[in-house]
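Being a predicted model, the structure only gives us computed values, none of them experimental. Note on naming: letters A, B, ... go to the chains in the order of the sequence lines (proteins, then strands), and numbering restarts at 1 for each one.
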Protein chains: 2
Amino acid sequence: MSSLLELRHLRTLTALRDAGNLSRAAELLNLTQSALSHQIKLLESIYGGALYERKSVPPRFTAIGARLLELSDRLLPHVDTAELDLARLAAGTAGQLRIAVECHTCFDWLMPAMDEFRARWPEVEMDIVSGFNPDPVGLIPQDRADFAVVSRHDPSVPGVDFHPLFRFEIVAILSRSHVLVDKPWLEAADFAGQTLITYPVPDEMLDVVRQLLGPAGMTVQRRSTELTAALLQLVASGRGIAALPLWAVKSYLDRGYVRHCTIGKDGLYGSLYGACAGHLSGTPYMADFVRLVRESCFLTLPGITLL
Amino acid sequence: MSSLLELRHLRTLTALRDAGNLSRAAELLNLTQSALSHQIKLLESIYGGALYERKSVPPRFTAIGARLLELSDRLLPHVDTAELDLARLAAGTAGQLRIAVECHTCFDWLMPAMDEFRARWPEVEMDIVSGFNPDPVGLIPQDRADFAVVSRHDPSVPGVDFHPLFRFEIVAILSRSHVLVDKPWLEAADFAGQTLITYPVPDEMLDVVRQLLGPAGMTVQRRSTELTAALLQLVASGRGIAALPLWAVKSYLDRGYVRHCTIGKDGLYGSLYGACAGHLSGTPYMADFVRLVRESCFLTLPGITLL
DNA sequence: TGTTAACAATGAACTTTTTTCATATTGCAT
DNA sequence: ATGCAATATGAAAAAAGTTCATTGTTAACA
């Protein structure tokens with residue numbers, strides 16, 4: 001009899017707008033595309049008209065859809081702050097969050113999430129564990145870090161919980177005139193004789209080595225530097241090939257500074273996980289942090305898939 | 001994973017506050033007390049504490065409950081206006097609503113609902129069908145009224161839909177010194193020799209006659225007047241007995257101006273229904289009107305039960 | 001001090017809604 | 001045309017939500 005409208009529907013609408021299409025919205029909400037499609041169909045039957053034009057990207061909303069979206073924008077921020085207040089009521093507002101990363105590039109997307117987090121949890125002390133850490137997960141049991149971004153999910157470490165973050169493609173980066181640049185994809189053999197330009201991390205942390213060169217029994221010469229920009233400068237000037245996350249180099253590719261090539265017939269993919277101290281894993285602020293990271297990455301980084 | 005909070009929960013909380021206890025809140029929402037109890041239990045498990053103190057009336061909310069209620073107060077008005085906008089988008093905003101009543105007392109509670117309605121649907125022309133109408137339902141097929149408040153549900157009239165409104169107790173009103181005033185309840189025989197003071201409506205519209213005196217084969221002398229105040233003045237000065245809805249005389253009873261007595265061992269109950277033209281029955285504005293009437297009556301009139 | 005009445009809680013059965021799964025359809029671009 | 005990405009759809013499964021029947025609890029009252 002009375003209204004069937006629920007917050008769920010409003011969250012779907014805003015996710016649709018933010019993500020750009022239903023499938024991506026579903027990913028953002030941890031639901032299936034089908035679920036959202038059914039939801040929208042239901043709303044459309046209630047309000048007697050389409051909510052948005054399916055084809056257009058970004059989605060164009062109809063008057064009905066726009067009115068619902070306007071409502072969402074009014075409501076959801078209040079819901080969010082209320083839930084934040086309630087979480088703080090339940091568990092207190094203080095804590096610490098020392099963050100360690102395996103690879104510097106992560107700061108690109110970590111920073112915005114950290115800024116957002118700082119605003120939401122002003123009384124949680126946030127720090128970056130400085131220095132070079134080949135094994136950031138190891139810092140957690142030593143109580144030198146609370147959260148680490150790592151590329152492998154290793155459930156064997158006791159007292160550490162892993163939260164899946166996202167999956168992304170790793171591509172080979174070549175100079176514009178590189179001989180390999182027009183191959184449809186690169187295989188292990190193509191790396192023979194090339195210099196691999198990387199971040200300064202151990203061999204076994206590199207997905208190209210782990211997944212492609214290692215299994216093929218190959219070793220290549222390596223050269224490393226910390227900054228992505230420096231790394232690409234080396235590639236552009238023909239000193240070698242890099243293998244980097246697509247999201248880290250998208251802007252350089254778009255500008256035509258360097259070119260890229262798929263690694264392996266089906267592409268090479270890496271994943272990232274957030275490792276956190278078991279005793280913090282359930283706290284509201286840690287849960288909120290992980291959520292913020294996933295969300296901001298999904299909306300910011302091109303071509304990634306949430307895990 | 002993400003939030004489980006839905007508008008449903010917020011509506012429950014505000015209904016609880018408005019209605020004063022869970023059972024009444026359930027009535028307001030057309031749900032069972034059990035449903036709301038389960039809902040609240042769920043919220044309490046999510047937020048880790050009680051939402052309100054069960055015993056106290058009116059309910060005293062805890063910090064958690066109060067925060068949720070604060071959220072409700074922010075959100076629900078927006079939801080309401082959004083749904084109003086959407087309803088108008090779908091069906092247009094104009095229409096007419098000519099209201100007929102069987103009994104004048106109804107204006108007491110009709111007025112506030114009408115005021116509210118006027119604010120919500122400014123382009124619906126609202127009128128009161130004046131004059132004296134022994135059969136208000138009859139005006140609907142004649143297209144002289146769109147909505148009528150009546151005491152009987154008569155599904156045989158074609159083209160007219162009945163919306164149940166509420167049920168209430170009808171009590172006998174006696175002067176403070178009346179001989180019958182200390183009886184635990186009145187039976188048909190007690191009315192012998194008494195004058196029945198009523199609104200000027202035909203015998204068969206009076207619930208006392210229909211349900212008690214008629215079946216007992218009794219007829220009594222009657223005297224009638226339009227205004228409740230005048231009617232009670234007659235009772236107070238010993239000219240006879242009245243049989244009136246408890247809600248209509250509650251304030252006089254509380255002031256001790258007259259006294260009352262249950263009619264029949266289990267009390268005498270009347271009901272009211274909203275009759276409306278079939279072609280308007282499904283329109284958003286008519287649905288909204290019926291809802292407003294039920295809601296405002298429930299919150300305003302003492303001792304009634306929604307149907 | 002029982003008795004009753006009103007309100008709330010509870011567990012199980014049941015209903016409805018929501019979600020997924022598997023697959024079809026659609027529109028667009030190559 | 002063919003393939004691809006996005007969306008739609010129907011049926012099955014899962015998850016909520018609601019009711020029913022009953023039990024606790026409290027307070028008022030004879």
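In this structure, Glu27(B) places its CD atom 13 Å from P of dA8(C), rounding to the nearest Å.
Under the 6.0 Å distance and 45° angle rule, Arg291(A) does not count as a cation-pi partner of Phe289(A). Taking the centre and axis of the six-membered ring of Phe61(B), the NZ or CZ atom of Arg17(B) falls outside the cone set by 45° and 6.0 Å.
With sequence neighbours left out, the side chain to side chain contact (heavy atoms under 4.5 Å, CB included) criterion links Ser56(A) to Glu53(A), Arg60(A).
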- Item | Steps toward side chain to side chain donor-acceptor pair (under 3.5 Å) verdict (Tyr52(A), Glu44(A)) | CA-CA 10 Å; Tyr52(A) 76 107; Glu44(A) 294 186 325; over 6 Å; no
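Counting 5' to 3', DNA chain D first comes under 4.0 angstrom of a heavy atom of chain A and last does so at the ends given by dA6(D) to dA11(D).
Between Arg259(A) and Asp182(A) there is a salt bridge, since at least one side-chain N of the basic residue sits less than 4.0 Å from a carboxylate O of the acidic one.
Screening Leu180(B), Val179(B), Ile263(B) for a side chain to side chain contact (heavy atoms under 4.5 Å, CB included) involving Asp190(B) leaves a single residue, Leu180(B). Evaluated for a side chain to side chain contact (heavy atoms under 4.5 Å, CB included) with Leu69(B), the options Leu51(B), Thr14(B), Ile64(B), Leu16(B) yield exactly one hit, Thr14(B).
Using cut-offs of 30° and 60° for the angle between ring planes, the Phe166(B) and Trp109(B) rings count as perpendicular.
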- Note on the structure: Quick tally for nucleotides 14-30 of chain C: nucleotides whose base has a protein heavy atom under 4.0 Å get B, sugar-phosphate-only ones S, the rest -, giving ----SBBB---------
